[in-house]
Amino acid sequence: MTNTEILISGGGIAGPALAYWLHRAGFSVTLVERAPAPRPGGQTVDLRGAGRTVVTRMGLMEQVRARTVEQRGLALVNTAGRTTATVPEDAFGGEGIISEIEILRGDLADVLHQATRHDVEYLFDDSVTDLRQDEHGVTVTFEKAAPRRFALVVGADGLHSVVRRLAFGPEQQLVRPLGLYNAWFTTTEPLQLDGWYKMFNAPGGLVAAARPGRLPGEVKASLSFRTAEPLGYDRRDTAAQRELLARRFAGVGGWEVPALLRAMRTAPDFTFDPMGQVHLDSWSRGRTVLLGDAGYCATPLTGLGTSLALVGAYVLAGELAAAAGDHHAAFRAYDRTMRPYVDQAQELPPGGAKGYAPSSALAIRLRAASMRSMTRWPMRTILAAQFAKAGNIALPDYRLPSAARAA
């Protein structure tokens with residue numbers, strides 16, 4: 001078997017982006033995704049720094065800009081709904097907390113799917129269950145499809161990566177929890193947002209937030225809480241997750257929390273997940289390699305997950321194309337190019353989880369005061385360096401051939 005037949009697990013952003021570049025380089029690509037179709041909607045993601053450069057090189061920036069979500073910026077609000085601090089969208093040259101280009105995760109994934117669906121074999125409603133590697137390839141077992149052989153397997157299947165578990169080890173050994181749990185969902189509750197991404201903090205490390213969606217009347221909401229102890233819960237039991245959130249926010253009547261709790265109860269797209277980072281000494285094992293959140297999740301606190309996925313896909317494909325069939329050399333070059341970028345991106349903003357979800361009323365007031373100073377010296381200089389991380393990589397200009405052949 002030649003090194004041109006590649007399986008990608010994960011149909012979000014990283015997987016289809018890699019499929020795009022691999023096909024352009026002449027590889028034969030199959031992509032497997034657990035969902036029955038491309039996942040629509042989702043929350044808003046940032047397109048910034050080198051991630052924008054990659055999308056531009058793909059020739060897809062026009063399609064992306066046509067689906068952007070208009071937001072005025074981030075506004076902290078108090079119990080009465082009064083704004084206590086704001087950071088406008090155009091702060092830090094459009095590369096601040098709210099990026100100039102904000103797009104729903106499902107919309108970006110759809111742009112990438114449309115760009116690849118005629119050239120890539122998509123296996124929806126299926127998942128990898130076993131990997132058996134040998135000197136010449138990988139035998140992959142699926143939940144539904146018949147077993148198949150591939151030269152290489154890429155895990156682009158997120159924080160809870162199946163490929164990572166099969167090739168690298170159990171999730172609990174490889175994911176560092178931040179002590180933050182988040183629920184995301186969509187609502188049409190008539191919230192007074194005025195175009196802002198509004199965020200409310202309550203004592204006990206509780207956070208409620210809402211921002212405009214792309215469609216009229218659509219609101220993208222989240223409820224978060226911080227806890228010192230990891231929670232044991234069934235990831236498939238959304239009813240229990242909703243009850244957990246309701247108990248955590250019981251008695252919090254400030255801002256729009258009651259309306260968000262009502263919406264959370266019936267939201268069809270409700271998701272609940274912990275925040276955690278993935279730190280690995282190597283992103284490859286034999287003929288298996290990890291991409292995006294599966295290999296180096298930075299968490300939403302950094303705002304760099306999308307850039308890491310897009311840049312990682314571009315670099316991995318480029319190195320595979322340049323390596324003339326030597327996947328070991330390609331994986332080493334991928335690591336060498338991406339590692340400094342990933343290391344910077346995984347550095348949390350000042351305050352980290354505590355800064356995002358402060359525990360006391362005093363800490364909440366201090367957070368608002370800190371945000372009011374963000375666009376002034378010296379905080380502006382400190383935060384400008386944080387936001388500049390999105391572009392802190394010299395992207396190689398890969399001369400992708402019309403075909404990639406390997407013996």
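For reference, positions follow the sequence shown, starting with 1.
- Counting only heavy atoms from C-beta outward, the side chains of V45 and Q43 never approach each other to under 4.5 Å.
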As a quick check of understanding, evaluate salt bridge (Lys or Arg N to Asp or Glu O under 4.0 Å) for E100 and R52, giving each step before the final call. CA-CA 11 Å; E100 174 201 358; R52 293 189 193 183; 3.0 Å; yes

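- The ring-ring contact (aromatic ring centres under 6.0 Å, His included) test applied to F200 returns no partner, not counting sequence neighbours.
- Within the structure, the salt bridge (charged side-chain N to carboxylate O under 4.0 Å, His left out) test picks out the following pairs touching residues 334-350 (sequence neighbours left out): D335-R339, E347-K389.
- For the pair K198 and E256, the minimum side-chain heavy-atom distance is 4.5 Å or more.
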How far apart are the C-alpha atoms of R149 and D134, what are their side-chain angles, what is the distance that settles it, and do they pass the salt bridge (Lys or Arg N to Asp or Glu O under 4.0 Å) test? CA-CA 11 Å; R149 289 275 290 176; D134 56 46; 2.8 Å; yes

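- Between L223 and R248 the shortest side-chain heavy-atom distance does not fall below 4.5 Å.
- In this structure the side chain of V278 never reaches within 4.5 angstrom of the side chain of L290, judged on heavy atoms.
- With sequence neighbours left out, E319 forms a side chain to side chain donor-acceptor pair (under 3.5 Å) with Y398.
- Side chain to side chain, T186 and D269 meet the donor-acceptor criterion of an N or O pair below 3.5 Å.
- Shown here are the side chain to side chain donor-acceptor pair (under 3.5 Å) partners of D157, two or more places apart in sequence or in another chain: S9, S161.
- Counting heavy atoms from C-beta outward, P340 and I393 have side chains that stay 4.5 Å or more apart.
- Between M338 and L316 the shortest side-chain heavy-atom distance does not fall below 4.5 Å.
- For the pair L301/L180, a side-chain contact is recorded, criterion being any heavy-atom separation below 4.5 Å from C-beta on.
- Closest approach of L348 and A298 over heavy atoms only: CD2-O, 4.2 Å.
- Panel note: side chain Q346, backbone Q277; no donor-acceptor pair is recorded below 3.5 Å.
- In summary, the side chains of S307 and R48 do not present any donor paired with an acceptor at a separation below 3.5 Å, with no hydrogens or angles considered.
- Listed by chain and residue number, D107 satisfy the salt bridge (Lys or Arg N to Asp or Glu O under 4.0 Å) test with R214 (two or more places apart in sequence, or in another chain).
- At a threshold of 4.0 Å, the pair E102-K220 does not count as salt-bridged, since none of the basic side-chain nitrogens sits closer than that to a carboxylate oxygen.
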From CA spacing to verdict: salt bridge (Lys or Arg N to Asp or Glu O under 4.0 Å), R72, D194: CA-CA 8 Å; R72 296 173 64 184; D194 301 320; 5.6 Å; no

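- The two atoms that bring A14 and L291 nearest to each other are O-CD2, 3.6 Å, heavy atoms only.
- The ring-ring contact (aromatic ring centres under 6.0 Å, His included) check on Y233 picks up F272, with sequence neighbours excluded.
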